[in-house]
J.: 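Take this structure, written in structure tokens, and hold onto it; I'll ask about it next.
Hydrogens, waters and symmetry mates are skipped; everything else that's a heavy atom, side chains included, is used. Order of the sequence lines fixes the chain letters, A, B, ..., with proteins taken first and strands second; residue numbering starts at 1 for each chain.
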There are 2 protein chains.
Amino acid sequence: MLSSKTPDRRTTLKVRHRGAILAAARGLIDERGGPYFTVDELADRADVSRRTVFNHFASLDEIVLTLCDEALEVIIDDFIATVVAMPAGDGSRSSMFDEISHSLTTADIPGAVESMARILGEPGSDASREQTLSARAFTRAADRLLDEVLRRNPTADVLDAELLVGSLMNGVIVVVGHWIREVGIRLDGTGRAAWQGLLGTLLSSVRSGYMPLS
Amino acid sequence: MLSSKTPDRRTTLKVRHRGAILAAARGLIDERGGPYFTVDELADRADVSRRTVFNHFASLDEIVLTLCDEALEVIIDDFIATVVAMPAGDGSRSSMFDEISHSLTTADIPGAVESMARILGEPGSDASREQTLSARAFTRAADRLLDEVLRRNPTADVLDAELLVGSLMNGVIVVVGHWIREVGIRLDGTGRAAWQGLLGTLLSSVRSGYMPLS
DNA sequence: TGCACTCAGTGCAAGGGTGCACTTAGTGTA
DNA sequence: TACACTAAGTGCACCCTTGCACTGAGTGCA
């Protein structure tokens with residue numbers, strides 16, 4: 001079990017260098033409107049060698065994905081915050097649905113999507129890289145949400161939870177696409193109202209298969 | 001032969017860490033009035049491990065001496081600046097004497113001594129450590145001055161140069177002692193006048209053995 | 001005077017950063 | 001279409017930092 005002792009300097013430096021690489025990537029992305037930089041530029045900015053970049057991350061895409069993870073962390077954080085304030089569910093499918101849907105409603109998903117859009121930059125001519133990264137980021141967020149749901153509902157059927165989270169997050173990806181095409185990425189009242197409408201549609205659609213047994 | 005290419009990151013980091021240790025020592029000395037800190041405190045301040053401190057310096061005393069070296073560097077720098085502006089000597093003893101004495105006269109030795117005093121701190125009850133470090137620092141400065149004198153006068157007799165530099169620098173140590181006892185370490189007009197008087201006495205005293213042959 | 005403690009300094013092994021030569025993929029141009 | 005170039009990513013060896021257990025010196029106290 002992890003002790004609470006101060007990590008040693010090796011661990012501290014490792015975390016620091018990894019953090020410096022992420023901060024450097026964020027900075028370059030902010031300056032350039034997207035991940036338009038080389039490994040050499042990133043390494044320079046982070047004040048590490050280019051080999052070190054690959055010691056910490058498997059690829060440049062992995063770095064971009066990690067930044068997207070951070071953008072989508074709001075969904076996980078909101079779930080955690082939400083369920084803390086709710087009575088414990090009974091592990092049933094409908095109970096889990098209620099927890100997750102409440103969280104998806106209160107989480108600032110439009111804000112997260114806007115952050116991700118800034119990270120990924122203007123889609124290229126065929127946008128395949130951006131779409132691939134975006135999908136992977138949502139998938140990772142879904143995995144982390146699933147972990148939290150199962151932690152919260154240890155008696156739940158794992159397959160049930162996996163299917164539920166999968167269908168909800170896949171639905172989120174779909175309605176995000178609709179939302180962007182319908183109103184663009186707008187964080188004002190109009191944009192948020194449109195988002196809530198689309199999300200409502202998603203949740204109603206998925207809920208119908210999740211009514212409490214009676 | 002050394003190329004002019006940019007040093008690699010290994011070299012850069014090594015120099016940076018060594019510099020951080022020296023800067024940390026300077027900071028702690030400034031705050032505490034002398035070298036009154038532990039290796040752990042120095043390492044913390046420099047943001048390196050205590051082992052790393054000893055990778056760069058043989059001992060704490062070595063760090064203090066390096067700071068003293070920097071304080072006394074003014075003597076070497078002044079010699080280099082002085083001889084650049086003077087016609088080349090003929091490598092004779094009197095010519096070397098003129099170069100060195102001119103430099104000792106123009107160099108801010110009182111300032112250097114004051115810096116060293118700040119580095120070494122208030123002498124302890126028997127002051128042996130401070131005196132030892134001070135003497136070692138002057139000795140190292142003499143060695144560096146000798147190197148410059150020989151570089152400047154490649155045809156000079158090495159023993160002659162060594163004896164000359166040795167007697168002058170040993171003389172400087174002696175008159176610094178007198179100066180401190182007579183007026184204290186004062187950088188005002190009175191202190192500087194006293195210093196110039198003592199230095200003049202030293203140079204006249206040593207010069208008598210160095211008249212140009214005629 | 002003996003003991004316990006602190007601190008400087010050390011040897012050696014482990015970990016992480018770095019250098020460098022390399023392969024591969026993508027791109028632009030003649 | 002072939003070639004040259006750039007850039008991402010890789011394997012491996014080297015270097016420097018770090019961890020840690022240790023010794024020895026100095027100090028304070030019972």
J.: How would you label the contact of A:T52 with the nucleic acid (heavy atoms, under 4.0 Å): base, sugar-phosphate, or nothing?
T.: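 The residue A:T52 makes base contact.
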J.: Any chance you could measure A:R9, atom CZ, to B:D44, atom CG, to the nearest 0.5 Å?
T.: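 Answer rounded to 0.5 Å: 8.0 Å.
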J.: Distance check needed: D:dA25 P versus B:D61 CG, whole Å only.
T.: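 After rounding, the gap between these two atoms is 16 Å.
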J.: Round to a whole Å and report the spacing from CD of A:E41 to P of D:dA7.
T.: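 It works out to 8 Å between those atoms.
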J.: Over all strands shown, is B:F57 touching base, sugar-phosphate only, or nothing at heavy-atom distances under 4.0 angstrom?
T.: nothing
J.: Rounding to an integer number of Å, can you tell me how far A:L42 CG sits from D:dA8 P?
T.: 9 Å
J.: Taking N and O atoms by type only, does the side chain of A:R10 place a donor or acceptor under 3.5 Å from a partner on the base of C:dG17?
T.: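 For A:R10, whose side chain was compared with the base of C:dG17, there is no donor-acceptor pair (under 3.5 Å).
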J.: Please state how far atom NE2 in B:H17 lies from atom C1' in D:dC15, giving the value in whole angstrom units.
T.: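 Whole-Å distance recorded here is 13 Å.
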J.: From CG of B:D40 over to C1' of C:dC7, roughly how many Å is that when rounded to an integer?
T.: 8 Å
J.: So, taking the atom named CG in A:L72 and the one named CG in A:L67, what distance separates them when rounded to the nearest 0.5 Å?
T.: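 The CG atom of A:L72 sits 11.0 Å away from the CG atom of A:L67.
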J.: Does B:T11 or A:N55 map to a spot on DNA chain D nearer the 5' end, using the closest nucleotide for each?
T.: A:N55
J.: Quick one: the side chain of A:R9 and the base of D:dT18, do they pair up donor-acceptor inside 3.5 Å?
T.: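 Side chain to base: no pair present.
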J.: Check the phosphate of D:dT17 against B:H56, side-chain N and O only, distance under 4.0 Å to OP1 or OP2. Yes or no?
T.: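 Yes.
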J.: To the side chain of B:L60, which of C:dG9, D:dC16, D:dA8 is closest?
T.: C:dG9
J.: How many angstroms lie between CD1 in B:I100 and OG1 in B:T105, if you round to the nearest 0.5 Å?
T.: 11.5 Å
J.: Decide if atom CZ of B:R118 counts as having more than 12 heavy atoms of other residues, nucleotides or ligands within a radius under 6.0 Å.
T.: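 No, because the 6.0 Å sphere around CZ of B:R118 holds 12 heavy atoms or fewer from other groups.
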J.: Report the distance from atom CZ of B:R16 to atom P of D:dT17, rounded to the nearest whole Å.
T.: 12 Å
J.: More 5' along DNA chain C: A:R50 or A:K14, using each one's nearest nucleotide?
T.: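 By nearest-heavy-atom nucleotide position, the 5'-most residue is A:K14.
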J.: Would you call B:R45 and B:D40 a salt bridge, using N to O less than 4.0 angstrom?
T.: no
J.: Kindly indicate whether the side chain of A:R51 and the base of D:dG11 share any N or O donor-acceptor pair separated by less than 3.5 Å?
T.: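 Check passes, donor-acceptor contact within cut-off.
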J.: Can you measure B:L13 atom CG to D:dT17 atom P for me and round it to whole angstrom units?
T.: 8 Å
J.: Just the rounded figure in Å: distance from P of D:dA7 to CD1 of A:I63.
T.: 16 Å
